[in-house]
Amino acid sequence: MRSPVLLVIAHGSRDPRHAATVHALVRRVRAARPGVRVEVGFLDFNIPSVQGVLESLDAEGVRDVVALPLLLTRAFHAKADIPAVLASAPARLRIRQAEVLGPSPLLLSALERRLYEAGLTPADKSSTGVVLASAGSTDPEAIAVIADIARKWRDTGWCAVRPAFASASLPRTEDAVRELRASGCARVAVAPYVLAPGFLPDRIARGAAEADVLADVLGPAPEVARVLLERYDAARVPQLAAVGA
């Protein structure tokens, strides 16, 4: 039986680095799972649009699609925007919406990868405070998830981990950096918990001006690609079970 098409749904941005990073991640996913067709659609600013991709798939005769939100937390876009777009898809398409990427231990591994690429080593963990800097949200569930990730990451051996937000919530990145510095951490690193460059990641970078280390965005890290495929597989399990019944 042919595997469902994986449709990666990205937010989109006026910043061209955003789409370029999304496409790089999708290429990594395709390389990891060559037997699965992987498409990408954007909610705003970039093309192709999600609706346009769905209409094209329907015109080709595709019937099964797994729609995967390229989001780290389950906030407004995952709860409202994406379901609304999928609800307006051609009726012949059978669409399953996969879960968002976070939280996942693989994403913590990706965050550490980026910190080590920025110059830290595993030996630095016990003396380094980390700011887990996310885009921010007005959704209490999303904020609680970020705080929980910070607590769990602290337990892996870092001196301290503080959540911070580029918008909608507090503290800001610069405030968390100063708090960690004042708490006695020998060095302070900022780990952007964002998938691609853009307006809010740039705000995070500006807030990291007093930090010792600023990691890159998660981008096309191999761990992120693995999470995408895990979410895809989980979403298509009900279909596979029904076929085998």
Side-chain angles (χ1 to χ4, degrees), residues 3-15 18-19 21-26 29-30 36-60 62-104 106-107 134-146 165-169 193-201 217-220 224-239:
S3 298
V5 171
L6 169 55
L7 173 57
V8 177
I9 300 178
H11 182 275
S13 171
R14 293 186 178 90
D15 189 322
H18 175 91
T21 301
V22 170
H23 286 300
L25 175 59
V26 168
V29 173
R30 288 180 180 137
V36 174
R37 178 176 175 181
V38 185
E39 300 291 343
V40 61
F42 296 90
L43 291 172
D44 207 352
F45 302 117
N46 303 105
I47 55 173
S49 67
V50 176
Q51 186 66 30
V53 175
L54 291 170
E55 290 173 356
S56 295
L57 292 173
D58 176 62
E60 291 179 33
V62 170
R63 291 296 167 258
D64 292 301
V65 177
V66 170
L68 195 154
L70 195 61
L71 301 168
L72 293 172
T73 58
R74 194 172 171 275
F76 181 79
H77 293 303
K79 294 177 179 179
D81 284 354
I82 292 176
V85 172
L86 298 181
S88 64
R92 290 176 297 185
L93 289 176
R94 294 183 291 270
I95 304 175
R96 296 182 183 275
Q97 182 176 330
E99 291 295 328
V100 298
L101 302 185
S104 168
L106 284 169
L107 294 178
S134 75
S137 174
T138 57
D139 190 311
E141 178 186 351
I143 298 304
V145 166
I146 298 300
F165 307 95
S167 67
S169 306
Y193 190 59
V194 293
L195 286 165
F199 177 75
L200 292 178
V217 299
L218 294 171
V224 179
R226 286 174 58 193
V227 177
L228 260 73
L229 289 171
E230 283 187 355
R231 299 294 185 255
Y232 169 78
D233 288 337
R236 64 192 288 259
V237 163
Q239 178 184 359

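As the structure is a computational prediction, the values presented were derived from the model and not from experiment. We number each residue from 1, following the sequence as shown.
Applying the side chain to side chain contact (heavy atoms under 4.5 Å, CB included) rule to Ala98 yields the partners Val66, Leu68, Arg231, Ala235; only residues at least two apart in sequence or on another chain are considered. Every residue two or more places apart in sequence or in another chain that forms a side chain to side chain contact (heavy atoms under 4.5 Å, CB included) with Phe199 is listed here: Arg203. Judged as a side chain to side chain contact (heavy atoms under 4.5 Å, CB included), and not counting sequence neighbours, the contacts of Val53 are Leu7, Glu39, Pro48, Leu57. Taking the salt bridge (Lys or Arg N to Asp or Glu O under 4.0 Å) definition, one finds that Asp139 meets it with Lys79, sequence neighbours left out. The side chain to side chain contact (heavy atoms under 4.5 Å, CB included) check on Asp15 picks up Ser13, Arg17, Asp202, with sequence neighbours excluded.
When every heavy atom of His18 is checked against every heavy atom of Pro197, the shortest pair comes out as CB-O, 3.5 Å. Contact between Val50 and Gly41 at its shortest, heavy atoms only, is CG2-C, 3.7 Å. When all heavy atoms of Gln97 and Pro83 are compared, the closest pair comes out as OE1-CG, 3.6 Å. Ala225 approaches Leu25 most closely through the heavy-atom pair N-CD1, 3.9 Å. Scanning both residues, Ala142 and Ala75, for their nearest heavy atoms gives CB-CB, 4.0 Å.
Sparse packing is recorded around CD of Glu99, with 12 or fewer heavy atoms of other residues, nucleotides or ligands lying under 6.0 Å away. Other residues, nucleotides and ligands contribute more than 12 heavy atoms inside 6.0 Å of the CZ atom of Arg37.
Using a 4.5 Å heavy-atom threshold, the side chains of Asp58 and Leu54 count as separate. Within the 4.5 Å cutoff, no side-chain heavy atoms of Thr21 are placed close to those of Leu195. Contact check for Phe42 versus Val22: side-chain heavy atoms found under the 4.5 Å cut-off. Leu106 is not listed as a side-chain neighbour of Val224, based on a closest heavy-atom distance of 4.5 Å or more.
Applying the salt bridge (charged side-chain N to carboxylate O under 4.0 Å, His left out) test to every pair with at least one member in residues 42-54, sequence neighbours left out, gives no pairs at all.
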- Can you list the steps and then say if Leu101 with Leu228 is a side-chain contact (heavy atoms from CB on, under 4.5 Å)? CA-CA 7 Å; Leu101 302 185; Leu228 260 73; 3.5 Å; yes
- Could you give me the CA-CA distance, side-chain angles and deciding distance for Tyr232 and Val29, then say whether side-chain contact (heavy atoms from CB on, under 4.5 Å) is met? CA-CA 11 Å; Tyr232 169 78; Val29 173; over 6 Å; no
- Query: After noting the C-alpha distance and the side-chain angles of Ile9 and Leu86, does the key distance pass the side-chain contact (heavy atoms from CB on, under 4.5 Å) rule?
  - Reply: CA-CA 10 Å; Ile9 300 178; Leu86 298 181; 4.2 Å; yes
- Step-by-step side-chain contact (heavy atoms from CB on, under 4.5 Å) determination, Ile143 to Thr73: CA-CA 9 Å; Ile143 298 304; Thr73 58; over 6 Å; no
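Taken to the nearest 0.5 Å, the CD atom of Glu55 stands 8.0 Å off from the OG atom of Ser88.
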